[in-house]
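For reference, the structure is listed below as structure tokens.
Residue numbers start at 1 and run along the sequence shown.
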Amino acid sequence: MKTKTIPLLLLLSSATFAAPTGNVGATPPAAPEDALYEKNLVINPGFEKSDFEKDRKKGWYAELINGMEAKFETAAPNKPVQPFEGRKALRIFVKDPAKYSSKALLGSWDEFAHGANGGKGAPRADVSQFVPVKPGSKYALRFRWRASGIYNKAAPGPERGVVSVTIRCDWIDANGRYIAGQTPFLPKTLASITADSDEWTTWAFPNFAAGAKLPYSKQMNVPFAPPAGAAYAKIFFRFSCQRPKVKPELWFDQVEFVEIPPDANLAPGAAQPAGAQGAKPAAQPAAPAGAQGAKPAASAAK
């Protein structure tokens, strides 16, 4: 299966889904950095088992409002989108498009932003999971995604609006409470997806893939490090559609959040723990979000 990569915080732009390539459920070839992801802490990372849970500590939890839907979708041979791996993937989509009055469509941005569905709000999905962490350890996150209908013309109007994806990772204490101000790098929001991808794309942070390019600096490509008091990382995806008459879709597969081994070489571009069999030093620096062979970063919290 073909995978393209997109750097961290790079805004992503629209396309339609292409026909699948390769065999359904075929396992993609391993990348050198995959050795870091062998001990995945995420429950049901490929959305193969069961459905959403009521407890974020037991698996994926979803909040779906105002016409947004989410399913662990099984791939059939006639489906236009096949999972990145296995038989299922998470599909989030608008079932009932947002409705706006003429006043909301043609008024101020504030009227538009709060005018969907008679003031109830735009379609939105929040999908999250609590993953156990240990202060003093370091972690990495990857996932695969693809999307159709992402849109970012933040102005009112019949053909305008915002269809956005936000990725977050928040630190949570043992009682399930958010530890404010402890999200790495940027306050609260770690990154966004703002354009489409018609192929499965890897989003990773930090990014240890060979040949990956850092968008800012090597210092940005550092592992997640939970603060004192953190018991969980809340991996969080938000999909919202503030745009009339459209039905965008977002897919996720193979979400991985792992503790980085103490002997791992964390230099940008170095993919494997020191001494790992078959490890090959990368020739170039690695990049934060979405380099080839890496997996995406996630975030959480409302």
Side-chain angles (χ1 to χ4, degrees), residues 8-9 37 39-45 47 51-66 68 70 90 92 113-114 120-143 145 162-194 203-207 216 219-242 250 252 255-260 288-290 295-302:
L8 176 67
L9 298 178
Y37 295 90
K39 296 182 179 179
N40 190 9
L41 299 174
V42 174
I43 298 173
N44 196 16
F47 308 97
D51 206 336
F52 292 108
E53 301 287 347
K54 295 181 179 179
D55 185 347
R56 289 180 178 91
K57 298 175 185 177
K58 295 181 179 180
W60 296 106
Y61 175 88
E63 295 179 74
L64 308 170
I65 65 171
N66 299 327
M68 191 71 82
L90 172 62
I92 308 174
H114 296 92
K120 292 181 180 179
R124 193 186 79 206
D126 292 344
V127 177
S128 60
Q129 182 175 148
F130 283 5
V131 181
V133 294
K134 298 177 293 185
S137 295
K138 297 177 181 179
Y139 296 85
L141 172 70
R142 294 198 307 185
F143 60 83
W145 66 274
V162 176
V163 180
S164 62
V165 184
T166 301
I167 303 158
R168 293 180 56 166
C169 179
D170 288 341
W171 304 119
I172 306 296
D173 69 16
N175 295 313
R177 294 178 297 216
Y178 171 66
I179 301 176
Q182 298 298 327
T183 302
F185 315 125
L186 305 178
K188 296 186 178 180
T189 300
L190 179 62
S192 298
I193 290 174
T194 58
W203 203 103
F205 203 94
N207 193 340
Y216 296 107
Q219 287 72 30
M220 288 287 291
N221 196 44
V222 297
F224 290 93
Y232 301 96
K234 181 184 176 186
I235 309 302
F236 176 88
F237 305 101
R238 170 169 287 178
F239 188 35
S240 62
C241 181
Q242 288 182 302
L250 174 67
F252 290 108
V255 182
E256 297 164 297
F257 190 78
V258 297
E259 183 177 357
I260 298 174
K295 295 185 181 182
S299 317
K302 299 178 182 177

Q.
Tell me every residue that passes side chain to side chain contact (heavy atoms under 4.5 Å, CB included) with P226, counting only those two or more places apart in sequence or in another chain.
A. V133, Y139, W171, A230

Q) Are side-chain heavy atoms of Y178 and I172 found at a separation under 4.5 Å? A) yes

Q | pair I235-C169: side-chain heavy atoms closer than 4.5 Å | A | yes

(Q) Measuring from atom CG of N175 to atom OH of Y232, what distance do you get when rounded to the nearest 0.5 angstrom? (A) 9.5 Å

Q | Test ring pair (Phe, Tyr, Trp, His ring centres under 6.0 Å) applied to F252 and W145, F239, F237, the passing residue | A | F237

**Q.** Results of side chain to side chain donor-acceptor pair (under 3.5 Å) for D51 - residues two or more places apart only
**A.** none

Q | CD on E53 to CG on N44, rounded to 0.5 Å | A | 8.0 Å

(Q) Counting C-beta onward and ignoring hydrogens, is there a side-chain heavy-atom pair between V255 and F47 closer than 4.5 Å? (A) yes

Q: State which residues pass side chain to side chain contact (heavy atoms under 4.5 Å, CB included) with F52; sequence neighbours excluded, sorted by chain then number.
A: W60, A62, A70, F72, L90, V127

**Q.** Least distance between heavy atoms, S128 atom then R56 atom
**A.** OG-NE, 2.8 Å

Q. What are the two closest non-hydrogen atoms of A228 and I179, and how far apart are they?
A. O-CD1, 4.4 Å

Q. Do you know the tightest heavy-atom contact between K138 and P223?
A. CB-CB, 3.7 Å

Q: Could you pull out the closest heavy-atom pair between L41 and E259, with the gap in Å?
A: CD1-N, 4.2 Å

Q) Looking only at heavy atoms, which two atoms of G59 and Q129 are closest? And how far apart? A) O-CG, 3.4 Å

Q | Side chains of N66 and R124 in contact at under 4.5 Å (non-hydrogen atoms) | A | no

Q. Rounded to the nearest 0.5 Å, how far does CD of E63 lie from CZ of R238?
A. 8.0 Å

